[in-house]
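Lettering of chains follows the sequences in order, A, B, ..., and the numbering in each one begins at 1.
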Amino acid sequence: MTTTTDPVTPDPPVIEGRGNPLRVVARAIGTIWSEPKARFGVILLTAFILLALFAPLIAPYDPHDGSFPHSQDGSAAHLLGTTGVGQDVLSQLIWGARVSVSVALIAGLLATLVAIAVGLSWGYVRAFWGEAVGFIVNLFLVIPSLPLMIVIAAYLHSGGLAVIVLVVVVTGWAWGARVLRSQTQTLRSRDFVTAAKFSGESPSRIVFREIMPNMTSLIVASFFGAATAAILAEAGLEFLGLGDPNTVSWGTMLFWAQNSNVLLTGQWVQLFAPGFMIALFAVSMTFINFGVDGLSNPRLRERTAKR
Amino acid sequence: MRYFWGRVGLFVLTLWAAVTLNFILPRLMPGSPADAAIAKLSQNGPVSPAMRASIEAQLGVPSGSVWSQYLSYLGQVVHFDFGVSYSYFPQPVSSLIGAALPWTLVLVGSVTVIAFVVGTLLGVVAAWRRGTVLDTVPTVGGQFLSAFPYFWIALLLLFFLGYVAGWFPTSGAYSQTATPNWSLSFFGDALDHAILPGLTILITSFGGWIIGMRNTMVNTLGEDYVTFAEANGLRPRSVAMRYAARNALLPQFTSFGMVLGGVVGGSLLVETVFAYPGVGLLLFHAVTNQDYPLMQALFLIITVSVLIANFLVDILYGVLDPRTRQ
């Protein structure tokens, strides 16, 4: 949030520099890195992404390979044992990172894009349209999202991951939109926006090139918030059997483990391990946000609190 | 009074929008849920014209004007006529929901109040003792726990406290030998069954209240009136509770709505893990059996319950904060 202090000079080069996406990203990462809790989150998240990328190299077996003895406890050959149909649990866990990590990141990204588009334009326009959009956003905020997801996913049954991403985006954008909107409202009356208006810039350019770069940290925060919600929602839907049961992901591992009653047979590792991965992945992003929150503009924090 | 009527108006508008969303959803979906529903229902026996009309009004048929469908749907909703469930044939959907709703309302309602009180108090302590162990442990710990999937916490508690330790019953809302009545022994039995699901919801939901309260109170502690109260030589405890915490409490109520939606969603998963006979378990059965009438009605009831709770909190907020009434 350092740029809010110096944007009074409407020099074109300064604006170009601010709008450069690479620099914006670099600064965001730098901001997050300087907070220890967030640094822990960044390292954890990077580890998960590497795990997902190099799953074929790390995993000892093919996750679909069911040729092993059924329902084995952990051994040297199968560190976490085998499932009820003879698949290696550890390999499934490693391959599962691919689906879970990519669903979280893709759904988080899409939800954030919707939140940016809605939140910024909603914060910039006034009068009737502002009220109308506000009503819709509030409606999506109060409607419990998991039941809505369950209902949509039930209608689009056997749709697989695309459906899960879709329902997560449909239900997950409203919170970010609301946060970004209130920040847009505070920036709307700043001098540099007025200057941009007088120099004849179009509203969309003012919103996305002048105002947006000033809320990088908020956008990052709402991305990780949405991605966290996405991973938990994906796991929940798959656990209920609303995903494609043939994909290997942490959610479907939990679904199969629950369906083969591993708690009764004592193979609780099959429930513990995928859930722990989901929790750790969600924690990594929550902790990044912890840092992002703490470093945001104090004035802003006060504003959202007083809302 | 203007605040009150404004809130009532907004509530009615939101209620209408939610009911309408419930009408639009099945019509947006590919295929015809109504035909599938009637086909499923006919496996149980002949479908009477009244039942067919009811399902068509609720789930939509390609023929017939949308407007007339909408009107008859609204009529049904007003009369709580949600048709017949076919996974629990021939029970009407409304009686199934009527049996399940009290369990969820009591469980989620009481646990939410406990989580709110415990979380807010811990948040007060965290802000007052900022930077000490009393701050970092609850805030980081609460944040950590709230990132955990509800159903996973539920499974862990079920395994360790239910199966391994054997301290609590592992499924249902009361013993199979017991019949629901108002006796004290049945109440104790039901409480025993509610502890594990309740504990799960509590563990995953109180972190948000801690963070919210702490962050707001850190702000109010910087206000002039707190400095003034301290300068007047008031005891630290009354400065914390009666000046800082009291003013920081209000924003907690505004976040109630968002939090409640999440808690209700999470409790749906918790109920399926513990086979707790509330609306969550019923929704799970409806979804796995593709029982669309039951599913639609449950979604509507859950949404409306959350809206009503939000409305009540809004009204309470108006009573607590005179500024909103201007």
ask   = Is any side-chain heavy atom of B:Ile302 less than 4.5 Å from a side-chain heavy atom of A:Pro144?
value = yes
task = Check the pair A:Thr252, A:Glu238 against side chain to side chain donor-acceptor pair (under 3.5 Å), reporting the backbone distance first and the verdict last.
result = CA-CA 5 Å; A:Thr252 47; A:Glu238 285 180 339; 4.7 Å; no
query = What residues form a ring pair (Phe, Tyr, Trp, His ring centres under 6.0 Å) with A:Phe281, not counting sequence neighbours?
reply = A:Phe48
inquiry  = Could you tell me if B:Tyr317 and B:Gln252 have a donor-acceptor pair between their side chains, going purely by distance under 3.5 Å?
reply    = no
task = Give a yes or no on whether A:Phe276 atom CZ has more than 12 heavy-atom contacts from other residues, nucleotides or ligands under 6.0 Å away.
result = no
task = Just give me the residue among B:Leu13, B:Thr272, B:Leu283 that pairs up with chain A most often, heavy atom to heavy atom, under 4.5 Å.
result = B:Leu13
ask   = Taking the inter-plane angle between the rings of A:Phe287 and B:Phe144 on a 0 to 90° scale, is it parallel (under 30°), tilted (30 to 60°) or perpendicular (over 60°)?
value = perpendicular
note = Turns out that what part of B:Phe311 lies under 4.5 Å from chain A's heavy atoms comes down to neither
request  = With a 4.5 angstrom heavy-atom cut-off, could you sort out which part of A:Leu148 is near chain B: side chain, backbone, both or neither?
outcome  = both
inquiry  = Under a 4.5 Å cutoff for heavy-atom pairs, which residue among B:Thr303, B:Thr220, B:Leu158 has the most contacts with chain A?
reply    = B:Thr303
task = Compute whether any side-chain donor of one residue and acceptor of the other, for B:Glu271 and B:Thr104, lie under 3.5 angstrom apart.
result = yes
Portion of B:Leu307 that has a non-hydrogen atom of chain A nearer than 4.5 angstrom = side chain
key: chain B interface, residue from A:Ile231, A:Ile143, A:Asn138, A:Ile278 that has the most non-hydrogen pairs under 4.5 Å   = A:Ile143
message = Is B:Leu21 in contact with chain A via its backbone, its side chain, both, or neither, using a 4.5 Å heavy-atom distance?
response = side chain
Side chain / backbone / both / neither for B:Ile153 at chain A, heavy atoms under 4.5 Å = neither
query = In terms of heavy-atom proximity below 4.5 Å to chain A, should B:Phe284 be classed as side chain, backbone, both, or neither?
reply = side chain
key: Atom group of A:Phe272 that falls short of 4.5 Å from chain B, counting heavy atoms   = both
